[in-house]
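Here the structure comes first, spelled out in structure tokens, and everything after it is commentary.
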Amino acid sequence: MLHALTGCTAVGKTEWALRWAEERGAEIVSCDSLLFYRGMDIGTAKPTQAERRRVPHHLIDVCAVHEQMDVTRYVSLARQAIAEIRARGNKVLVTGGSGFYLKAFFAPVADDVEVGPELRAEVARLTLEQALVQLRELNPGGLGELDVANPRRVFRALERCLASGRTLMELKAEFAGRPSAFADHEVRLTRIEREPAELAARIEQRVRQMLADGLVAEVERLRAAGLMENPSAARAIGYREVIDRLDGRLRAEQLVGEIAKNTRALVKKQRTWFRTQLPPHRIVEAAALQSSSQLFAD
RNA sequence: GGCCAGAUAGCUCAGUUGGUAGAGCAGAGGACUGAAAAUCCUUGUGUCCCCGGUUCAAUUCCGGGUCUGGCCA
């Protein structure tokens, strides 16, 4: 049995996760795509050292900013961490707001087509149009639901076709039949929600606190450590705006507003994901929470 | 007080050589097979500041007014 707690950014799930885990001797497995990176602390609201002393955390600070993480690697690290925690006889609480990674606990999330670095580099040199031409040649039966306007999706689709020698339709059929990587566990999922107005206020407060805590200096350190080599991390909310500020594309007085605005957009996207991509799950209102026992119907 | 510029979508602005208007951003909705806090898609009727004039027709031209900014006193 795995317990998983999610909710959008700034909803306040961290403290509830800590309490639940602390009271049950559980260990936490993070499900947040940016917490993997060492040094991305303030802008990600990473659990502090003090919080990590309260409850053991896993899948935090597992790689350098310039390294590339992906779901497949996440899944294998998470499986390993969970096995170790179980071997100690402890409960597991998965917590985080990265919807795609969370989905891995319920559904297949990647196929196992190996794409070599040479092939990837070769595909990366193509324009979107060239990639589409090749894809259509390889897929006379059509491209299915592929989002042909999305370069990342198109390039990945082409890589998978070239690497496997199969069509998107064939790959899709096989993918749909795969089990979740955690099919051997029963997973209970709960999501914390909060009133939009209250959440917006918390976001603004949180952004101001991050800046007061030294977000700008953190970004400067990370840049020196190779942040810009990782497009996804460099585009993370809070980081991209500070980079824009440092490079003169944003004025100082715009910083809080921009970060808060983009965080609200993230929250909206998270909500759509939770609604449409996760299985039906328990929803609890943050304002109504008084005890960790309310989180899961045990 | 005088001169000049501006007044158009929540915001910043474009535009209509006169036939009632459109971008970016925000907002809303959505997609999601190895970057997911990423990436991508859909969605724009608003007294075109007010009053009057010219005209078949004015948001567009003309006159007056109001407000905002700048310059001069």
Side-chain angles (χ1 to χ4, degrees), chain A residues 6 8-11 30-37 40 42-46 63 65-77 96-104 107-117 119-120 123-124 128 143-161 163-164 166 168-178 180-181 196 200 203 206-207 210 227-243 250 254 257-278:
Chain A
T6 191
C8 53
T9 295
V11 82
S30 167
C31 184
D32 253 305
S33 64
L34 293 174
L35 300 194
F36 305 135
Y37 301 109
M40 293 184 81
I42 298 168
T44 60
K46 186 178 283 176
C63 65
V65 264
H66 56 81
E67 279 180 60
Q68 294 248 329
M69 265 301 294
D70 61 55
V71 229
T72 305
R73 196 169 156 204
Y74 172 75
V75 165
S76 89
L77 290 172
S98 289
F100 184 44
Y101 289 16
L102 198 57
K103 190 176 179 175
V109 102
D111 55 29
D112 53 5
V113 176
E114 288 286 343
V115 179
L119 177 57
R120 175 155 294 188
V123 168
L128 178 61
L143 304 182
E145 323 243 280
L146 180 69
D147 182 353
V148 295
N150 190 331
R152 283 192 185 177
R153 295 273 147 70
V154 171
F155 290 136
R156 283 229 41 88
L158 179 57
E159 285 170 5
R160 286 188 289 117
C161 285
S164 65
R166 310 177 65 187
L168 286 179
M169 296 307 208
E170 288 165 348
L171 288 168
K172 182 174 180 166
E174 187 208 30
F175 175 73
R178 304 189 97 210
S180 143
I203 287 170
R206 163 180 156 128
V207 172
M210 284 175 176
L227 175 66
M228 304 314 282
E229 293 164 42
N230 184 336
S232 205
R235 294 280 303 151
I237 291 160
Y239 295 88
R240 64 183 191 224
E241 297 85 355
V242 170
I243 289 166
L250 214 56
Q254 294 178 287
E258 282 296 304
I259 298 175
K261 181 188 83 186
N262 291 331
T263 305
R264 272 182 260 123
L266 164 65
V267 163
K268 179 172 150 50
K269 199 180 76 170
Q270 285 176 311
R271 270 205 264 266
T272 300
W273 184 278
F274 296 151
R275 265 205 304 266
T276 66
Q277 300 293 316
L278 297 179

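Excluded from the calculations below are hydrogen atoms, water molecules and symmetry mates; all remaining heavy atoms, backbone and side chain alike, are included. First the proteins, then the strands, lettered A, B, ... as listed; each starts at 1.
A:Gly97 comes within 4.0 angstrom of sugar-phosphate atoms only, judged by non-hydrogen atoms across all strands, and of no base. Backbone-only engagement by A:Thr276 is indicated by non-hydrogen atom pairs under 4.0 Å involving sugar-phosphate atoms exclusively. The residue A:Arg271 sits apart from the nucleic acid: no heavy atom pair falls under 4.0 Å. Among the atoms of the strands shown, none is found under 4.0 Å from any heavy atom of A:Pro108. Using a 4.0 Å heavy-atom cutoff across all strands shown, A:Val75 reaches no nucleic acid atom at all. Nucleic acid contact for A:Gln270: none, since no nucleic acid atom lies under 4.0 Å from a heavy atom of the residue.
B:C48 and B:A9 are spaced 10 Å apart, taking the C1' atom of each and rounding to whole Å. B:A38 and B:U45 are spaced 36 Å apart, taking the C1' atom of each and rounding to whole Å. Comparing the C1' positions of B:C4 and B:G44 gives an interatomic distance of 34 Å, to the nearest angstrom. The P atoms of B:C3 and B:U8 are separated by 24 Å, rounded to the nearest whole Å.
Searching all strands for a Watson-Crick or G-U wobble partner of B:U66 with both distances below 3.5 Å returns B:A7. Look at B:A26: it lacks any Watson-Crick or wobble partner with both distances under 3.5 angstrom. Nucleotide B:A58 has no partner under the Watson-Crick or G-U criteria, as no pair reaches both atom distances under 3.5 Å. Across all strands shown, B:U39 pairs with B:A31; the Watson-Crick or G-U wobble distances both stay below 3.5 Å. Across the strands present, B:G46 finds no partner; the criterion is a Watson-Crick or G-U wobble pair with both atom distances under 3.5 angstrom. Summarising the base pairing, B:G1 is matched to B:C72 through a Watson-Crick or G-U wobble pair whose two defining distances lie under 3.5 Å.
Put simply, the side chain of A:Arg73 and the base of B:A35 share no donor and acceptor less than 3.5 Å apart. A:Lys268 contributes no side-chain N or O that forms a donor-acceptor pair with the base of B:G27 under 3.5 Å. One cannot find a donor-acceptor pair under 3.5 Å joining the base of B:A31 and the side-chain atoms of A:Lys269.
Listed by chain and residue number, nothing satisfies the ring pair (Phe, Tyr, Trp, His ring centres under 6.0 Å) test with A:Tyr239 (two or more places apart in sequence, or in another chain). Contacts of A:Asp111 classified as salt bridge (Lys or Arg N to Asp or Glu O under 4.0 Å), with partners at least two apart in sequence or in another chain: A:Arg160. Among residues two or more places apart in sequence or in another chain, the salt bridge (Lys or Arg N to Asp or Glu O under 4.0 Å) test is passed with A:Arg235 by none.
Ring geometry for A:Phe100 against A:Trp273 counts as perpendicular: the plane angle is over 60°, on a 0 to 90° scale with 30° as the lower cut.
A close approach under 4.0 Å does not occur between any side-chain nitrogen or oxygen of A:Thr9 and OP1 or OP2 of B:A37. Residue A:Arg152 places no side-chain N or O under 4.0 Å from the OP1 or OP2 atom of B:C32. Contact between the side-chain N/O atoms of A:Arg235 and the OP1/OP2 oxygens of B:U39 is found at a separation under 4.0 Å.
Summarising the local packing, CD of A:Glu145 is surrounded by 12 or fewer heavy atoms from other residues, nucleotides or ligands at distances under 6.0 Å.
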Which atoms of nucleotides 10-13 of chain B (N or O only) lie under 3.5 Å from a protein N or O atom, and what are those distances?
none

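Within residues 168-175 of chain A, the residues approaching RNA chain B are A:Leu171, A:Lys172, A:Phe175, by heavy-atom distance under 4.0 Å.
Smallest separation of non-hydrogen atoms from A:Ala236 and A:Leu34: CB-CD1, 3.4 Å.
Side-chain atoms of A:Gln270 come within 3.5 Å of backbone N or O of A:Gly97 as a donor-acceptor pair. Using modelled atom types, no side-chain atom of A:Gln277 and backbone atom of A:Phe274 make a donor-acceptor pair closer than 3.5 Å. In this structure a side-chain-to-backbone donor-acceptor pair under 3.5 Å is present from A:Asn230 to A:Val65. A donor-acceptor contact shorter than 3.5 Å links the side chain of A:Ser98 to the backbone of A:Ser33.
Applying the salt bridge (charged side-chain N to carboxylate O under 4.0 Å, His left out) test to residues at least two apart or on different chains, the pairs with a partner in residues 261-277 of chain A are A:Glu258-A:Lys261.
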